[in-house]
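In what follows, a single structure is set out as structure tokens and then discussed.
First the proteins, then the strands, lettered A, B, ... as listed; each starts at 1.
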Amino acid sequence: MVKNVEIARVFANIAKILSIKEENKFKIRAYEQVAATIENLPMEVETIYRAGKLKEIPGVGEAIAKKIGELIETGKLEYYENLKQTIPSGVLELLNVPEVGPRKAKLFYEKLGIDSITKLEEAALRHQLQNLPGMGKKAEENILRGIELYKKREERKLLGVALPIAEEIVDQLKSLREVNQISIAGSLRRRKETIGDIDILITSKKPEIVMNKFINLPQVKEVLAEGLTKSAILTHQDIQADLRVVAPDSFGAALQYFTGSKAHNIRLREMAVKEGLKINEYGVFRVSDEQKIAGKEEQEIYNILGLPMIMPELREDRGEFEAALNHQLPQLVNLEDLKGDFHVHTRDSDGFNTMEEILGAAREKGYQYIAITDHSQSLHIAGGLDEQRVLEQIRRIDEINQNISDFQVLKGIEVDIKSDGTLDLSNNILQKLDLVIAAIHSGFKQERTQLMERLTKAMRNPFVNIIAHPTGRVIGYREAYDIDMQEIIRLAAQTNTALEINASPERMDLNDIYVKSAKEQGVLLAIGSDAHQIHALDYMTYGIAIARRGWLEKGNLLNTLSLDDLKARLKKKLKN
DNA sequence: GCCGTTTTCGGCCCGACTGTTTTCAGTCG
């Protein structure tokens, strides 16, 4: 099985090599685009290939379809292998350094034999770069700074890390009289699971005061750039934050432009061109007389093209334009729609707080219910519950529930799906609970067939309501285990099992792409904070981010049901 | 290399900034 990410990487690398070789830039873009498309595909390319439908993937034509076929059949691509002979992989790495693009990478490699970032740094320190054609003293200094920046912020940051910092910064800037409008933009506004940097837009009549405040915020570790229209800082967490000042009558256009995504913006502008319009970060202009006809409000940009406003989370060119044209954009679910949390741990297993503390916090959030789902016995390391302790917990929860009327604690468990595919607790115990979530915590490296068998068995169990963190990935630490997600989604639909959106920032599992796919096949999703302490109950924000990016409406989420409806829905599984 | 309500060739999003130039190339978002 050749994974999508592997195919995508091959095409992305082809694009990079071709760019260094100064090939036709539209050919390069074709490879870049198809790489991005494949990376975002909810289905396995291999499955599509077996069905003979490769060319239905946007951006895949005759030539690329043939290459995909070769990759799948032989595990290799001759065209790519030959290309790699001409440019060492270290030269491609140079492209990751800010200030270094394909032309400079080529220049450094051809003139000085530089084929790694280490060698680039050495050459810059020895001032060998500044004498190259088109280079100079300043350019060399900039490259050294680029290398420093590259070392500091190599990887993308988790949404759960970046968003709170960005909101803190926005709050402090907002307190200034001199700030009129202010908004987060970029991938952070689209709530991507990881972000590159923080983008903030403002309008102000006195930018110098705002900029001064910005570069002196307590969050600032280093000032990277300072100006009246744009400043950039590095926070103590090594996240770059850019602040831009734009004109009030361009704020909407700038916000649209800086929110992206790039693919979304390209589609939008292509549509505009066909209407005799031009869109840039200053506004919408008629081509005929260069008259500006919109720009103050973001919504106008869409409306002028005959589209309703497209919410930032949808702006990935994943069908939002088609949906908008057909008036079929989803009414996205909101945080306020959530009536409860399905995945919480207490001190009884590996959580930090007592059940009582958690229930207090949940009521404060305005929830109607919360499920206590501690680990089961085989997870020794987490103090998992055996049958006796589950029964004990059930008794305590019944007691608590007797004393409250406007809220209910749901008796739950996060039962382990063991390596052999059996569940860690007997059905006899599981049936006494209100809600069972099942999850894999061991045997991540098993063969696909074995993993699929484990999950299939769990979903077919009449008492399992939710599969927790279905792919098992931990961003930056652990790859998803080898499962056929489309098959899991199909089984979930068939068995009336919900799939979890685990809102823990390093998990974010399911991700937006699979969530959208699950929705399309009628599968219910269930957001769980997976909180191990009270403050982590707030992770639901990130769960909602995924839900919205996965096009979910209120009706697609188990968490939006009232307590009565929820209980009825949970029983429905048994009738299968 | 892809794509088509300006279809099988000729297009393919838009602009700012920087540093090196002497009118522009390269990089970035």
Side-chain angles (χ1 to χ4, degrees), chain A residues 11 14-16 18-20 22-37 54-68 79 83 94-108 129-143 145-146 149-150 185-190 195-201 224-225 227-232 240 242 244-246 250 253-285 287 295 301 305 317 325:
Chain A
F11 288 130
I14 289 175
K16 283 183 183 174
L18 294 180
S19 72
I20 290 172
E22 297 183 56
E23 264 278 2
N24 178 303
K25 62 177 174 169
F26 297 109
K27 186 172 173 178
I28 294 165
R29 207 176 94 178
Y31 279 111
E32 280 170 351
Q33 273 178 336
V34 82
T37 303
L54 278 184
K55 287 212 213 159
E56 288 179 18
I57 301 172
V60 176
E62 198 70 48
I64 290 181
K66 219 177 133 202
K67 291 187 170 69
I68 293 175
Y79 172 72
L83 271 182
L94 298 181
L95 299 178
N96 296 330
V97 177
E99 302 286 330
V100 180
R103 295 299 161 85
K104 284 188 184 147
K106 183 185 188 201
L107 179 74
F108 300 153
L129 302 181
Q130 53 178 273
N131 300 321
L132 295 171
M135 290 288 296
K137 228 177 146 85
K138 282 234 168 118
E140 188 177 74
E141 282 168 20
N142 285 340
I143 282 176
R145 272 182 47 203
L149 213 56
Y150 165 82
S187 54
L188 194 53
R189 182 159 179 249
R190 303 199 312 278
I195 65 118
D197 55 21
I198 296 171
D199 287 307
I200 300 171
L201 290 189
L224 299 173
L228 281 183
T229 58
K230 186 193 160 182
S231 294
Q240 184 174 334
D242 295 349
R244 285 169 214 274
V245 182
V246 302
S250 292
L255 190 54
Q256 196 289 319
Y257 169 77
F258 283 109
T259 296
S261 67
K262 193 175 173 183
H264 175 91
N265 284 356
I266 289 175
R267 280 290 301 274
L268 192 73
R269 282 179 234 164
E270 279 171 357
M271 286 179 72
V273 169
K274 285 181 186 149
E275 302 286 326
L277 302 170
K278 185 179 72 171
I279 299 177
N280 57 30
E281 60 262 55
Y282 303 106
V284 183
F285 299 83
V287 174
I301 318 283
L305 293 172
D317 193 19
L325 285 167

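- What separates CG of A/L224 from C1' of B/dC28 is a distance of 15 Å, to the nearest Å.
- The side chain of A/R29 places an N or O atom within less than 4.0 Å of a non-bridging phosphate oxygen (OP1 or OP2) of B/dC13.
- Base orientation of B/dT7: syn, since the glycosidic angle falls within 90° of 0.
- For the side chain to side chain contact (heavy atoms under 4.5 Å, CB included) test, residues two or more places apart in sequence or in another chain that qualify with A/R269 are A/Y257, A/N265, A/I279.
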Contact pattern, 5' to 3', of nucleotides 15-26 of chain B - B, S or - by protein heavy atom under 4.0 Å: SS--SS-----S

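- Residue contacts for A/E62: at a heavy-atom cut-off of 4.0 Å it reaches the sugar-phosphate backbone alone, with no base atom in range.
- Atoms CG (A/L18) and P (B/dC2) sit 13 Å apart, rounded to a whole Å.
- Nucleotides B/dT7 and B/dA25 place their P atoms 32 Å apart, quoted to the nearest Å.
- Going from the C1' atom of B/dA16 to that of B/dG11 covers 25 Å, rounded to whole Å.
- Using atom P as the reference point in both B/dT5 and B/dG1, the two lie 24 Å apart (nearest Å).
- The same atom, P, is picked in B/dT21 and in B/dT27; the two are 15 Å apart, to the nearest Å.
- For the pair A/L83 CG and B/dG1 C1', the computed distance is 13 Å after rounding to whole Å.
- Applying the salt bridge (charged side-chain N to carboxylate O under 4.0 Å, His left out) test to A/K27 and every residue at least two apart in sequence or in another chain returns A/E23.
- Under 4.0 Å is where a charged nitrogen must lie from a carboxylate oxygen, and between A/K16 and A/E32 no such pair does.
- Rounded to an integer number of Å, the gap from OH of A/Y150 to C1' of B/dT27 is 18 Å.
- Scanning residues 261-268 of chain A for heavy-atom distances under 4.0 Å to DNA chain B yields A/K262, A/I266.
- With sequence neighbours left out, the side chain to side chain contact (heavy atoms under 4.5 Å, CB included) criterion links A/R103 to A/E22.
- The partner of B/dT8, taking Watson-Crick or G-U wobble pairs whose two distances both stay under 3.5 Å, does not exist in any strand shown.
- Here the C1' atom of nucleotide B/dG11 and the CG atom of A/N24 are 11 Å apart, to the nearest Å.
- Judged by distance alone, with hydrogens and angles left aside, the side-chain atoms of A/Q240 form no donor-acceptor pair with the main-chain N or O of A/D197 at under 3.5 Å.
- On the C1' atoms, B/dC3 is 10 Å away from B/dT8, given to the nearest whole Å.
- Checked against side-chain hydrogen bond (donor to acceptor under 3.5 Å, both in side chains), A/N142 has no partners two or more places apart in sequence or in another chain.
- Evaluation of the side-chain hydrogen bond (donor to acceptor under 3.5 Å, both in side chains) rule for A/K66 yields no partner, not counting sequence neighbours.
- Rounded to a whole Å, the CD atom of A/E32 is 17 Å from the P atom of B/dC12.
- What separates NZ of A/K25 from C1' of B/dG11 is a distance of 12 Å, to the nearest Å.
- In this structure, A/E141 has no side-chain hydrogen bond (donor to acceptor under 3.5 Å, both in side chains) partners at least two apart in sequence or on a different chain.
- In terms of modelled atom types and a separation under 3.5 Å, the side chain of A/E140 and the main chain of A/Q130 share a donor-acceptor contact.
- Along DNA chain B, the nucleotide nearest to A/A30 and the one nearest to A/R244 differ in position, and the one closer to the 5' end is contacted by A/A30.
- Looking at heavy-atom distances under 4.0 Å, A/K66 makes no contact with the nucleic acid at all.
- Within the structure, salt bridge (charged side-chain N to carboxylate O under 4.0 Å, His left out) pairs that include any residue of residues 130-139 of chain A do not occur (at least two apart or interchain).
- Among residues two or more places apart in sequence or in another chain, the side chain to side chain contact (heavy atoms under 4.5 Å, CB included) test is passed with A/Q33 by A/R29.
- Atom CZ in A/F285 sits about 12 Å away from atom C1' in B/dC14, given to the nearest Å.
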Review item, nucleotides 3-8 of chain B N/O atoms under 3.5 Å of protein N/O:
{"unit_1": "B/dC3", "atom_1": "OP1", "unit_2": "A/G59", "atom_2": "N", "d": "2.8"}

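- A gap of 14 Å separates the P atoms of B/dG4 and B/dC13, to the nearest Å.
- The side-chain hydrogen bond (donor to acceptor under 3.5 Å, both in side chains) search around A/T259 returns A/R189, not counting sequence neighbours.
- The gap from the P atom of B/dC17 to that of B/dC12 amounts to 25 Å, rounded to the nearest Å.
- The closest donor-acceptor contact from the side chain of A/S261 to the backbone of A/H264 lies under 3.5 Å.
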